[in-house]
Structures are given as C-alpha cells and as structure tokens.
Number of protein chains: 2
Amino acid sequence: MESPRIRRSSELRQAEIVQAVVALAAESSPADITTARIAAAMNLTQGAVFRHFPTKEAIWLAVAEWIEENLLAAIEEASLSSSEPLAQLRAMFRAHIGFAVAHPGAPRLIFHELQQPGDSAVKRRIRALLGSYRGTLLQVLKCTKERGVVRRELNVEHAATLFIGAIQGFVMQSMLAGSMRGVEGAAEGVFDVYLAGVVGRRE
Amino acid sequence: MESPRIRRSSELRQAEIVQAVVALAAESSPADITTARIAAAMNLTQGAVFRHFPTKEAIWLAVAEWIEENLLAAIEEASLSSSEPLAQLRAMFRAHIGFAVAHPGAPRLIFHELQQPGDSAVKRRIRALLGSYRGTLLQVLKCTKERGVVRRELNVEHAATLFIGAIQGFVMQSMLAGSMRGVEGAAEGVFDVYLAGVVGRRE
DNA sequence: ATACTAAGCTAGTAATTAATTACTTACTGG
DNA sequence: CCAGTAAGTAATTAATTACTAGCTTAGTAT
C-alpha cells in the first residue's frame, strides 16, 4: 500500500511543483496554498519542496513564468491563425477562454498576485505578461482600423480594456457557478456583443 | 503623547471595524488583513476587537452586508435617475465605477470571498448581492429591448455579462496601475464601446 | 457615594506555516 | 565497488494567527 518513494531530478520536481500549484489554485484560494499542501499533492514531505525551490516566493515566480509562457503562446498562435483581423480577435478570445477553462487556477493566481501590495519580482512578471498581452491586442485592433473593418472613431485602448474585461467577467461567472462548465458556450455570445461594439455597424 | 483611550459603544465599534477592513483592503490583499491590523488601524488592542464581533468570520459577514447595502443602493438610485433606459445604464455604470473608486477594497473583498471554496455564510451573501445586481441590470436591458432602442437580436444575458466584465476590467487596470487614479475618465470611453455593441446601430 | 455594566488592556493559548537541520538513501561515474 | 552527490525524511524552529481569560476602568443609574 506504500508508495514506492520515487526519486526525481530537481528539474522535473520544479515542473511538478508548478503544476501542483496551478491545480490547487483551481479549487482553493492561492492565499491558502501552503508548502505542505503542495507536498501532499505530490506525495512528498513538506521539507522536500525546499530542495527544489529556495523560498516559497521562488515557487510563485516559477508559476508566473509558466503562465506567461503558455498563455502568451496560445494567444500568439491564435493571432496568427488568420490574416483577417476580426477573425484574429475572435481566435484570441477563444484561446484565452480555452486556457482559463483548462487551467482555472491561472486567472486566480494572476489576480491574487496583483492584489499584493508593493513591487515583488512576481508582480513585476505578471505586469510584464499583461503588458505584452495588451500589446498584441492593440496591434490587432489597430490593424482592424487601418483596414477599415471597424468604425473610424473607435478608441483602441478602450476596446482593449473591454476585451480583457469581457474575459474577466467570465472568470467571475465561473467562480459564482463554482465551475467553468458552460462557460465556453456563452463566450461566443458575449464576444458577439463585444464585436458589435467594436465594428459599430450592422452587416 | 498617549492617546486618551476613547471608549465607544459596541454598535459604533462594529461600524468602525467594517470601515477599517474596507480601508485596509484598499491597500493590501484581504487574505492578510489580520485582527491585529484592524485593531491597530483603530488604535485598539487586538483582543478588544473580539468584544464587538464573536469571530473573524462575523467581521467578514458584516463587511459583506455593508457592501451589499451601499453598492446596491447606489445602483438602485442610479437606475431611477432617468426614464430613458440607455441613460439608466450609463448612470449605473458610473455609479458602480464611482463606488469602486471611493472604496477600492470592496471589489477585492468580493473577489476574495468568491475564491474561497465551499459555501460559507459570507459567500452566500456575496452571491445574493451579485444576483440582485444582475437582476436589476437585466431588467433595464430588457426595457431597452421592449422600447426598441437596441437591436432586436441582442442577448440580454450576454450583454449583462459584458457589462459586469467591463467594470471588472477597470478593477484589474487599477490594480495594475496601483491606484484608481485616472480610471473614472477612461470609464466613459469604455462604456461608449460597450454601448455601441448593445445598441448595434450608428446614430 | 456606590454598585453595576460595558469596553478596554495584558498576557496568554493552540494551531498553523515557511524554513532549517541532521540524518538517510538512491543513483552514478571512475 | 565504492565514494560522492542529489533527493528524500522526520523533527524542530521562530513567527504569526485567531481567539480567550482575568483583571481594570470609565460611564451611568439609583
């Protein structure tokens, strides 16, 4: 009945720890993810966690990097899926919602870190991630204006804020409902309302 | 130099505690608002806090009730400010942003509670508050459809989600910027983008 | 005045948490 | 084969936390 006490390389364990944190965040507040809970989720003792990360802060940083890499990659890929900017926007929206559904802990971790006061390394990383995200978004939005597929007077900054807010709204809904179930379906409908505001004319 | 050690009624202290929590949440994560910090903010000892609330949970509940009363009252008032539903919508948006600017801790507290797993009394209260909010919103949105001031095919549920998301987006922005400064200005612009999506035609 | 009550203080408690220590054990290269 | 290293354990530590007990004191009604 005893687990055979597997030994793994630090590199592997680091990745496992990051995954464990993301998984734990899906079901509980990041604030009460303790090193003991992380260890338990990996079938390890609490002390062993510190063989692979010097501090808990270092764990959060690694998690932030993981989110950055994976979310931005998904968004980037989506933005390249078409040459038509409105299709790009929809693909990015879908990709982001998809990521949040696959990893419900991710948006919580981001929010939790931003809430922290001061200027930790983790917070700076999150800020960079969101800045990069917004940059991509603005690029696509500007492209829609240049091509004249949206109304001329559209403020792309505000349009970007509303885009991100729309996704934030889903995260909120899912926390209300207790799960991400059904969210993906509604996403298309909400995006349609958003798009109507951006395009600004009836077809 | 010593403070004259004021004595106040429990009723007053309860209100003070709630205000202290809301104020503290404006600058730090609700997760690390301790009873000691609350007491310090009131010029009281930590133990004295428990003369006025039996548990910390009771404090959170009182805070939730305070938010419920004040936010809903502001929204309600805004929704009655006009007979024109689109003007009502804008007033509600303004009122909500105004509330968030005046009490930046409030949205954090709501989010923090929703993140908690399980079904505490506080969480149920927050859910009720958001349900009521959404109810008012849907009522106004339906009214716009009946009067034909928005496009016929608009899905009011999705429009409500996007409305709430737009505000969520601002909370996010303000946490990124570190303050609510400048948010109120951008709010009008974002609402315009939103409104274009709801109305669905150029005037 | 005196006695009662409500609010405050000091000084604890038990539980929890990140981090450390001393020791053990599984791999791995020469 | 065996010596060194990397990964694991178990137990402990210092700090923090919600909460409590026992005593003090301000305000008030009789």
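Predicted model, so just to flag it, every value in this text is computed and none were measured. Just so we're on the same page: letters track the sequence lines, and every chain starts at 1.
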Give every pair of a protein N or O atom and an N or O atom of nucleotides 28-30 of chain C that lie under 3.5 Å apart, one pair per line with the distance.
none

Restricting both atoms to N or O, compile the protein contacts to nucleotides 3-6 of chain C shorter than 3.5 Å, with distance only.
unit_1 : atom_1 : unit_2 : atom_2 : d
C:dA6  : N3     : B:R7   : NH2    : 2.8

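Computed from coordinates, the A:N43 CG to D:dA7 P distance equals 18 Å when rounded to whole Å. Put simply, CD1 on A:I59 is 9 Å from P on C:dA18, counting in whole angstrom units. Atom-to-atom, CD1 of A:I6 to P of C:dT25 comes out at 18 Å; the value is rounded to the nearest Å. In this entry the distance linking CZ of A:R51 with C1' of C:dA22 reads 10 Å, nearest Å.
A:E188 has a carboxylate O that lies under 4.0 Å from a charged side-chain N of A:R94, or vice versa, which qualifies the two as a salt bridge. Look at B:K145 and B:E153 and you find no salt bridge, because none of the NZ, NE, NH1 or NH2 atoms lies under 4.0 Å from a carboxylate O.
Between A:R13 and D:dG8 there is a side-chain polar atom (N or O) within less than 4.0 angstrom of OP1 or OP2. Close to D:dA6, at under 4.0 Å from its OP1 or OP2, lies no side-chain N or O of A:H52.
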Completion exercise
Going 5' to 3' through nucleotides 15-20 of chain D and flagging B where a protein heavy-atom sits under 4.0 Å of the base, S where only the sugar-phosphate is that close, and - otherwise, we get --SBBB
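Looking only at atom types and distance, the side chain of B:R37 has a donor-acceptor partner in the side chain of B:S28 under 3.5 Å away. B:R134 and A:Q173 share a side-chain donor-acceptor pair at under 3.5 Å. Using a 3.5 Å distance cut-off with no hydrogens or angles, the side chains of A:Q46 and A:T35 do pair a donor with an acceptor. Under 3.5 Å, the side chains of B:R90 and B:S82 contain no donor-acceptor pair of N or O atoms.
Annotation for A:E27: atom CD does not count as buried by contact number, only 12 or fewer foreign heavy atoms lying within 6.0 Å.
Between B:Y133 and B:F163, the ring planes lie tilted relative to each other; the angle falls in the 30° to 60° range. Between A:F191 and A:F93, the ring-plane angle classifies as tilted under the 30° and 60° cut-offs.
Residues A:E57 and A:A121 come closest through the heavy atom pair OE2-N, 4.3 Å. A:K56 and A:F50 make their closest contact through N-CE2, 4.1 Å (heavy atoms, listed as atom of the first residue, atom of the second, distance).
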